[in-house]
Structure formats: structure tokens, C-alpha cells
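Single-structure report; data block below.
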Amino acid sequence: MPVHHPDFVPDPSLSRDEMESQQRAIARHAVFTDDLWFDPALLGDPIARATADASSGPDKDADSANRDDGTAPLVAGVDQSFLLDQDRALSAIVVLRSAGTGWDVVEQVHAVTPLEIPYIPGLLSFREGGAILAAVEELSVEPDLYLFDGSGRIHFRQAGIATHIGVTLDAPSIGVAKNLLCGDPVDSTEGLAAGERVAIGANADVEGPAKLGTDEGDAGSAGDPDWPTIGYAVQSKQYDSPNRHVNPLLVSPGHRVSAATAADIVLAFAAGYKLPEPTRLADAYADEVKAEYR
DNA sequence: GCGACAG
DNA sequence: ATCTTGTCGC
């Protein structure tokens, strides 16, 4: 997991203005379209993956489905928690690999680092990024995709924590948040059934190309180029009865993944819980490790 | 000045 | 995110 963009490694000592301008630079480097060596649609289907590789060869191209050694792509879930000291951040990573009907845990690592700055909406990656990169350094494998807790493109400068870390590592990444930071759902997100989604469009709170600069456009999907789809409200779980309900997740591209694919992948990892397996397991692992730290 | 905001 | 027991509902 080499750092491809040393200049983007989150530095908590930067001024607020420096942080924001760096986010604009990160957004310009970010790719909000699918750019993965494997077909994400086959992530949960071993038979389809084997078939795909048989017809396209073992090379890592867009038609591939498995790694060179024939094993499934590695998907990492990343989650943070904080130690009671209120002065240290703990980042936990769980790496999964599709196996049969479910997934195998390939590796679990964590790192604890000092907290340098307070939580500031929009600047989350500068608070938690250091711990995440420290945990990534503990990995012995290179994940092919990362799922982060927090936003990606659904961000004031289109550079949430999933985008920031994804671009820094130049790895495909997705942001999975429980609350909406900015943007507007194009439709009501109330009463969605499991598996359904509602697009989140950019609004005035989201800086567009004019302020971000001129490199990557949006390439979101069909619609107004000025107000692209920056993510989706994804109903990963829902109750049958009309009495109890679950709020949708807010999924957005981090890097090298489109909004639609990000939503597809999160749903592919839904296993009866609100959070997709990678993130859910990382969350549980973080709690486990945290308990040992006291 | 008011609003408003991931984890 | 964190501080926390019981408790409502499937």
C-alpha cells in the first residue's frame, strides 16, 4: 500500500485554508468513474469470476475478476474509534475476500496515533487520516478496494475522507456514511425498501469545477452537469413492519469508482446488517482492540 | 448575523 | 465519535 501522493498525506498542522485548498487539489486528482482492474459486479460470485478469468486470461485487465494468483479481490473495511484518553485515535482495518456464499477475513490490523486537532466538519481526514495510514502500513497484503466510514465525494470540496485517503494511496475507495454532509436527495429517502437507492445531487454547498479547478469533470451520470450525482442514499437494510425503520446509508465515490458502482458494491456486501461487511467488521474489531487498550 | 455540517 | 441501562419490537 505504497503512498502514491506524499504531498497529500494528511497533515494536521496545516492551517484551515491550506487544508481546504489541498482538498480542492485532491478533488482534481480524484477519479469519480470506474477504474478498477476487476469487474465489481462479480465480487460476490466465485463461479462468474472463474468464468471471466478463463475467457480473458489471468492478466489484470478490466475483464478480470480474480487476482493473478486466482484469489478474489481483497476488500478492506476501515473504521476509527477513540481511546478514553480523548487524545488518541484508533484505526482498525479488516480485509475480506469473497469465499463461497460469504467472505473470509484475510487480515486484521490496527494502529493508534495521537489526536492533533478537534473534529471540524469537512476536515475529518486531517484528524483521522494519520491513524488510517499508520494502520495501512501494518497490512501485509494490498487491498484492491477500500470502504471507509465517512464521506467521499459527498463533501463540500468533493474530497471527503474516502477520497483523501483513496487518492493518497491511489487505490479504489468508497465512502460509507450514516449521515448526509451536503448535497440533496433527488427524491424522498423515506420508506425505501432494502436494496433501493436515491441519488444525491450536488447543491450550492458543493463546490463545482469552477472553484475546484479544471481537470476532472464530473462524469457522474445522466443529468445536469452543474449538479452531478455525487452519491446515493442506499437502503442496505429495512424492516418489514411499518412500525420500525432503518435510515439509509450515504454512499459516495472515494476514488476510481463511480457513484452507481459504489452503491452496487455496498449492497453486494450487505449481509442483513445496516453496514456492509467490511465496515461492520472493522467497527467490531475496533471495539475489540479498544477494550484491550485499557 | 443566521444557518449548518461525516466522525 | 464518546458517556451508558434498560427496553421496545421483531
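Each chain gets a letter, A, B and so on, in the order the sequences are listed, and its residues count up from 1.
When distances are taken from the side chain of A:L181 to each of B:dG7, B:dA6, C:dT2, the shortest belongs to B:dA6. Nearest nucleotide to the A:H155 side chain, out of B:dG7, B:dA6, C:dT2: B:dA6.
A straight line from CD1 of A:I165 to C1' of B:dG7 spans 13 Å, rounded to a whole angstrom. Between the CG atom of A:L250 and the C1' atom of B:dG7 there is a distance of 13 Å, rounded to whole Å. For the pair A:H164 NE2 and B:dG7 C1', the interatomic distance rounds to 16 Å; values are reported in whole Å. Regarding A:I132, its CD1 atom lies at a distance of 13 Å from the P atom of C:dA1, rounded to whole Å. Distance, A:K178 NZ to B:dC5 C1': 16 Å, rounded to whole Å. Taking atom CG of A:L249 as the reference point, atom P of B:dA6 lies 15 Å away to the nearest angstrom. Atom-to-atom, CZ of A:R294 to C1' of C:dT2 comes out at 11 Å; the value is rounded to the nearest Å. One atom, CG of A:L275, and another, C1' of B:dG7, lie 13 Å apart when rounded to the nearest Å.
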- prompt: Dot-bracket for DNA chain B: what is it, with Watson-Crick or G-U pairs under 3.5 Å, [ ] where a pair crosses earlier ones, and | for a pair to another strand?
  reply: .......
query: Please, what dot-bracket string fits DNA chain C when only Watson-Crick and G-U pairs with both distances under 3.5 Å count, crossing ones use [ ] and pairs to another strand use |?
result: ..........
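The backbone N or O of A:P248 sits nowhere less than 3.5 Å from a side-chain atom of A:Q238 that would complete a donor-acceptor pair. In this structure, A:Q80 contributes its side chain and A:I132 its backbone to no donor-acceptor pair below 3.5 Å. The backbone N or O of A:L43 lies less than 3.5 Å from a partner atom in the side chain of A:S98, making a donor-acceptor pair.
Screening residues 79-102 of chain A for ring pair (Phe, Tyr, Trp, His ring centres under 6.0 Å), with sequence neighbours left out, gives no hits. Every pair tested for ring pair (Phe, Tyr, Trp, His ring centres under 6.0 Å) that includes a residue from residues 248-268 of chain A fails, sequence neighbours excluded, so the list is empty. The ring pair (Phe, Tyr, Trp, His ring centres under 6.0 Å) pairs that include a residue from residues 151-174 of chain A are A:F126-A:H164, where partners are two or more places apart or lie in different chains.
At a non-hydrogen distance threshold of 4.0 Å, A:Y119, A:P121, A:G122, A:L123, A:L124 from residues 115-125 of chain A come into contact with DNA chain B.
Counting non-hydrogen atoms under 4.0 angstrom, A:I161 reaches a base of the nucleic acid. A:S151 comes within 4.0 angstrom of a nucleotide base, judged by non-hydrogen atoms across all strands.
Annotation for A:W227: hydrophobic cluster partners, listed by chain and number, are none (ILVMFWY side-chain heavy atoms under 4.5 Å, direct or chained). Within the hydrophobic cluster formed by Ile, Leu, Val, Met, Phe, Trp and Tyr side chains joined at under 4.5 Å, directly or through other members, A:I47 stands alone, with no partner residue.
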Donor-acceptor contacts under 3.5 Å from residues 273-285 of chain A side chains, at least two apart:
{"residue": "A:K274", "atom": "NZ", "partner": "A:N247", "partner atom": "O", "Å": "3.2"}
{"residue": "A:E277", "atom": "OE1", "partner": "A:R280", "partner atom": "NH2", "Å": "3.0"}
{"residue": "A:E277", "atom": "OE2", "partner": "A:R280", "partner atom": "NE", "Å": "2.7"}
{"residue": "A:E277", "atom": "OE2", "partner": "A:R280", "partner atom": "NH2", "Å": "3.3"}
{"residue": "A:Y285", "atom": "OH", "partner": "A:H110", "partner atom": "ND1", "Å": "3.2"}

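Under the 4.0 Å criterion applied to side-chain N and carboxylate O atoms, A:D170 and A:R256 are assigned as salt-bridge partners. For A:D264 and A:R197, the salt-bridge test passes: some basic side-chain N is under 4.0 Å from an acidic carboxylate O.
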field: Base versus backbone protein contacts along nucleotides 4-10 of chain C [heavy-atom cut-off under 4.0 Å; B, S, -]
entry: ------S
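The environment of CZ in A:R24 is crowded: more than 12 heavy-atom neighbours from other residues, nucleotides or ligands sit within 6.0 Å.
Distances shown here put a side-chain N or O of A:K290 below 4.0 Å from the OP1 or OP2 atom of C:dT2. Note on A:N179: every side-chain N or O is 4.0 Å or more away from OP1 and OP2 of B:dC5.
Residues satisfying the salt bridge (charged side-chain N to carboxylate O under 4.0 Å, His left out) criterion with A:R127, sequence neighbours excluded, are absent altogether. Residues passing the side chain to side chain contact (heavy atoms under 4.5 Å, CB included) test with A:N203, sequence neighbours excluded: A:D184, A:D205, A:V206.
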